[in-house]
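One structure is given here, and the rest of the page talks about it.
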Amino acid sequence: MSAVASGDGAPVQRHEAPAPGSGLEAVVPAPVLVFGWGNPSRGDDALGPLFVDAVEALKLPGVECLTDFQLQVEHALDLKGRARVLFVDASADAAAPFTFERIEPARDASFTTHAVSPHAILQVFREVEAEPPPPCWLLAIRGEGWELGAPTSATARENLRAAIAWSRTWLAQG
């Protein structure tokens, strides 16, 4: 940024593009975001992060991976510039091995609680960006146990393998 004088002599700030190679170039997000959340220390709650780890290991072009312990309203900003988003979480209610559904923005009370819903993230995006969010889906992988310090159950690991196998086709759709 540099200062130049306006017609009345007052300084005016001018923003210049970063010089190529300066390391300050704008980062363009990958078209596809895979966002998993959960607590790896709570048994099957680790399914979201484990799924993301597996997708990340595939090193697919155009796919970015992100994990966190829980969704936060700030994650709405991670949707910016995306063509598609896949949210991934463990679920005690999903049919085995997993469920997959398109999700839409929805105002709910979760943005003020410990567990923000993906629907609320989409709603925050719509309100902050004043535009619709990218197309988003929720992959809910069936889990059984959530005890602190417990390992991921054998059934949950099988469900995870099925979800990863399924995801290769979905992610390849571009």
Side-chain angles (χ1 to χ4, degrees), residues 26-108 110-111 115-129 131-146 151-174:
V27 176
V28 177
V32 177
L33 174 64
V34 176
F35 190 135
W37 70 99
N39 186 338
S41 298
R42 297 193 68 89
D44 295 349
D45 199 37
L47 289 170
L50 289 171
F51 179 91
V52 171
D53 289 347
V55 170
E56 195 163 41
L58 297 173
K59 298 188 184 310
L60 299 170
V63 176
E64 184 177 341
C65 295
L66 181 64
T67 62
D68 209 333
F69 282 96
Q70 62 189 25
L71 292 176
Q72 306 281 338
V73 294
E74 294 85 354
H75 289 130
L77 299 176
D78 294 314
L79 307 182
K80 191 167 179 70
R82 309 295 181 168
R84 300 187 296 153
V85 177
L86 180 62
F87 288 95
V88 185
D89 191 21
S91 172
D93 301 322
F98 60 86
T99 59
F100 174 74
E101 66 178 314
R102 175 85 186 257
I103 57 174
E104 299 293 335
R107 186 180 311 277
D108 62 30
S110 72
F111 74 92
V116 177
S117 74
H119 301 82
I121 297 293
L122 274 59
Q123 181 66 31
V124 170
F125 179 92
R126 181 164 53 188
E127 291 174 10
V128 169
E129 297 296 325
E131 63 184 52
C136 296
W137 288 265
L138 175 61
L139 176 64
I141 305 171
R142 175 68 183 213
E144 300 179 327
W146 319 98
T152 307
S153 70
T155 301
R157 288 192 305 272
E158 281 300 314
N159 295 343
L160 175 63
R161 279 191 276 281
I164 293 165
W166 166 87
S167 74
R168 292 172 191 249
T169 302
W170 189 86
L171 292 168
Q173 291 174 359

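Along the sequence shown, residues are numbered consecutively beginning with 1.
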Minimum heavy-atom separation for Gly143 and Ala156, please, with both atom names.
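Reported closest heavy-atom pair: CA-CB, 4.5 Å.
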Of the non-hydrogen atoms in Ala94 and Ala140, which two are nearest, and what is the gap between them?
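Answer, listing the atom of Ala94 first, then Ala140: CB-O, 3.6 Å.
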Find out whether [X] and [Y] are in side-chain contact, i.e. whether some heavy atom of one side chain is under 4.5 Å from a heavy atom of the other.
X      : Y      : answer
Leu47  : Thr152 : yes
Phe87  : Leu122 : yes
Phe35  : Leu79  : no
Pro49  : Phe69  : no
Trp37  : Val116 : no
Phe98  : Asn159 : no
Val52  : Leu66  : no
Trp166 : Pro97  : no

Closer than 3.5 angstrom, by distance alone: can the side chain of [X] be matched with the main-chain N or O of [Y] as a donor-acceptor pair?
X      : Y      : result
Arg142 : Ala92  : yes
Asp45  : Asn39  : yes
Asp44  : Ser153 : yes

Neighbour count above 12 (heavy atom, 6.0 Å) for Arg161 CZ
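Enclosed.
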Set of side chain to side chain donor-acceptor pair (under 3.5 Å) partners for Arg126, sequence neighbours left out
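If we apply the side chain to side chain donor-acceptor pair (under 3.5 Å) test to Arg126, skipping adjacent residues, the hits are Gln123.
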What's the separation between atom CG in Leu160 and atom OG in Ser167, rounded to the nearest 0.5 Å?
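Rounded to the nearest 0.5 Å, the CG-OG separation comes out at 9.0 Å.
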